[in-house]
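Position 1 is the first residue of the sequence, and the numbers go up from there.
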Amino acid sequence: MYALRSATEADLAAAVDLVTRLQADPGHHIGYHGTTAEEVADELTRMTPDWAGGAVVGVDAAGVVRALLTVEVDPELGRAWLWGPYVDVPADHPAVRQVWHNTADDLLDLATGLPRAAGTSDLELYGHRGNRRLGDFAARHGFAAGSASRVFTLTGAALRSVLVGAAEQSVGPGKLDGDPTIRAQVIDLHERCFPNRTASGAQLVDGTRGHTVVVLTGADGVIGYAAGYLEQEEFYIDYVAVDPNMRDAGAGRALVRALVRTLATEQGVRSRAAAVIALGNDASERMFTALGFTLHLELVAYRRR
């Protein structure tokens, strides 16, 4: 139904339009993408070394982009994340499901054959729990379903309270500096707490994946850290870790406040903060809800190694 090919930079506007339209529907929603055109454009153009070299598209007879799969590869970790597949099939088509799956299969074959993805066999998909086609696609291609995760968001007065409260702090967590001992301890804590990490400890402290890191220290070294980055419309809190011997003392909440404040001070205020929490991580849910975060949506990951 659609002609598939590698993406070009000229496809970016059409890709942003396609993703923005389909993201609004849980049946198409992919967890890596935001929901507004500004967020989607920011996410795609942030990919390194470029977006087009890791993307494939499907176009209709008029040349309009109707399908998309983008691959983000981390050679250091040996992993790739599949942002999609997106397939826009007219609702009145007599074989919607068949066309969706056939196109998605072809997108996967083409995307994993790109030079950027060569040699990468650890692949991950991530979508809304309502994206049933993604679940079927994952099962058919040997992806194992992982645990669900929940996206929590903070907006309005609750966000302003976190910003103001953090701004009034005179002591507590601070931005990670060049101290090699502290950096090494953050790396160690990160890799102990997140065995299934999407960024290594070295990438985190070096900022090679765009993270800002704040750290809380005590007499014996690092107590905990928080890491995140600024997206088009939100503060994204990617990692929060506290030494197991120092938990339940408010360190996590202090770190989140400090991270949001640091991002706002250095890069500008946003209208929302967001964090993804694995389903069943009750301690993290309690910490974020205590700060005023509320449940936004549930997602599920699929991984093939």
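Contact annotation: the side chain of Gln185 never approaches that of Thr217 to less than 4.5 Å [non-hydrogen atoms, C-beta and beyond]. Within the 4.5 Å cutoff, the side chain of Val71 has no heavy atoms near those of the Val56 side chain. Put simply, the side chain of Met1 does not reach to within 4.5 Å of the side chain of Arg66, judged on heavy atoms. Between Asp238 and Arg209 the shortest side-chain heavy-atom distance does not fall below 4.5 Å. When side chains are defined from C-beta on, Ile30 counts as touching Leu134, because their heavy atoms get closer than 4.5 Å. Looking at heavy atoms from C-beta onward, Tyr225 lies in side-chain contact with Leu189 at the 4.5 angstrom threshold. The closest side-chain heavy-atom distance from Leu18 to Asp88 is below 4.5 Å. In this structure, Leu125 and Arg304 have side chains that are not in contact, with every pair of non-hydrogen atoms separated by 4.5 Å or more.
Shown here is Glu76, whose CD atom has more than 12 heavy atoms of other residues, nucleotides or ligands within 6.0 Å. More than 12 heavy atoms of other residues, nucleotides or ligands shown are found within 6.0 angstrom of CG on Asn196. Heavy-atom contacts from other residues, nucleotides or ligands closer than 6.0 Å to CE of Met246 number 12 or fewer. At most 12 heavy atoms of other shown residues, nucleotides or ligands fall within 6.0 angstrom of atom CZ in Arg129.
His190 NE2 to Gln203 CD: the interatomic distance, rounded to the nearest 0.5 Å, is 8.0 Å. In this structure, CG on Leu259 lies 8.5 Å from CG on Leu255, to the nearest 0.5 angstrom. Rounded to the nearest 0.5 Å, atoms CG (Leu82) and OH (Tyr32) are 7.0 Å apart. Atoms OG1 and CG, from Thr103 and Leu108 in turn, are 12.5 Å apart once rounded to the nearest 0.5 Å. To the nearest 0.5 Å, the span separating CD1 on Ile187 from CZ on Arg192 amounts to 12.5 Å. Distance NZ/Lys175 to CG/Leu263: 9.0 Å, rounded to 0.5 Å.
Under the 4.0 Å criterion applied to side-chain N and carboxylate O atoms, Asp282 and Arg286 are not assigned as salt-bridge partners. Between Asp74 and Arg79 there is no salt bridge, since no side-chain nitrogen of the basic residue lies less than 4.0 Å from a carboxylate oxygen of the acidic one.
Not a single donor-acceptor pair under 3.5 Å links the side chain of Tyr2 to the backbone N or O of Val87. The backbone N or O of His296 lies less than 3.5 Å from no partner atom in the side chain of Arg150, so there is not a single donor-acceptor pair. Side-chain atoms of Ser161 never come within 3.5 Å of backbone atoms of Ala157 as a donor-acceptor pair (strictly under, hydrogens ignored). A donor-acceptor pair is defined here as one N or O able to donate and one able to accept, closer than 3.5 Å; no such pair exists between the side chain of Arg253 and the backbone of Ala290.
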When the side chains of residues 269-279 are checked against the rest of the protein, which donor-acceptor pairs come out under 3.5 Å, sequence neighbours left out?
{"residue": "Arg270", "atom": "NE", "partner": "Glu231", "partner atom": "O", "Å": "3.3"}
{"residue": "Arg270", "atom": "NE", "partner": "Gln232", "partner atom": "O", "Å": "3.0"}
{"residue": "Arg272", "atom": "NE", "partner": "Glu234", "partner atom": "OE1", "Å": "2.7"}
{"residue": "Arg272", "atom": "NH2", "partner": "Glu39", "partner atom": "OE2", "Å": "2.6"}
{"residue": "Arg272", "atom": "NH2", "partner": "Glu234", "partner atom": "OE1", "Å": "2.9"}

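Nearest heavy-atom pair, Pro85 versus Leu107, reported as atom, atom and distance to 0.1 Å: CB-CD1, 4.0 Å. Gly34 and Gln23 make their closest contact through O-NE2, 3.0 Å (heavy atoms, listed as atom of the first residue, atom of the second, distance). Between Ser6 and Val57, the closest heavy-atom pair is O-CG2, 4.5 Å. The shortest heavy-atom contact between Leu204 and Ala227 is CD1-CB, 3.8 Å. Closest approach of Leu44 and Ala15 over heavy atoms only: CD1-CB, 4.5 Å. In terms of heavy-atom proximity, Thr35 sits nearest to Thr20 at O-CG2, 3.6 Å.
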Hey, mind stepping through Arg140 and Asp136 against salt bridge (Lys or Arg N to Asp or Glu O under 4.0 Å) and telling me if it holds? CA-CA 6 Å; Arg140 193 169 65 255; Asp136 293 343; over 6 Å; no

Before you tell me yes or no, could you show the steps for Arg183 and Asp206 under side chain to side chain contact (heavy atoms under 4.5 Å, CB included), namely the whole-Å CA-CA distance, both residues' side-chain angles and the distance that decides it to 0.1 Å? CA-CA 9 Å; Arg183 293 167 74 90; Asp206 292 340; 2.9 Å; yes

Hey, mind stepping through Phe152 and Phe293 against ring pair (Phe, Tyr, Trp, His ring centres under 6.0 Å) and telling me if it holds? CA-CA 6 Å; Phe152 282 76; Phe293 284 74; 7.6 Å; no

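Relative to the six-membered ring of Trp83, Arg46 misses at least one condition, a distance below 6.0 Å or an angle of at most 45° to the axis.
Glu266 and Thr212 are not linked by any side-chain donor-acceptor pair at a separation below 3.5 angstrom, with hydrogens and angles left out of the test. For the residue pair Thr198/Tyr239, the side-chain donor-acceptor check at 3.5 Å is satisfied. In the model, His128 has no side-chain atom that pairs as donor or acceptor with a side-chain atom of Asp25 under 3.5 Å.
Residues that satisfy the side chain to side chain donor-acceptor pair (under 3.5 Å) test with Arg5, not counting sequence neighbours, are Asp11.
Using the six-membered ring where Trp is involved, His211 and Tyr229 have ring planes that are perpendicular, over 60° apart on the 30 and 60° scheme.
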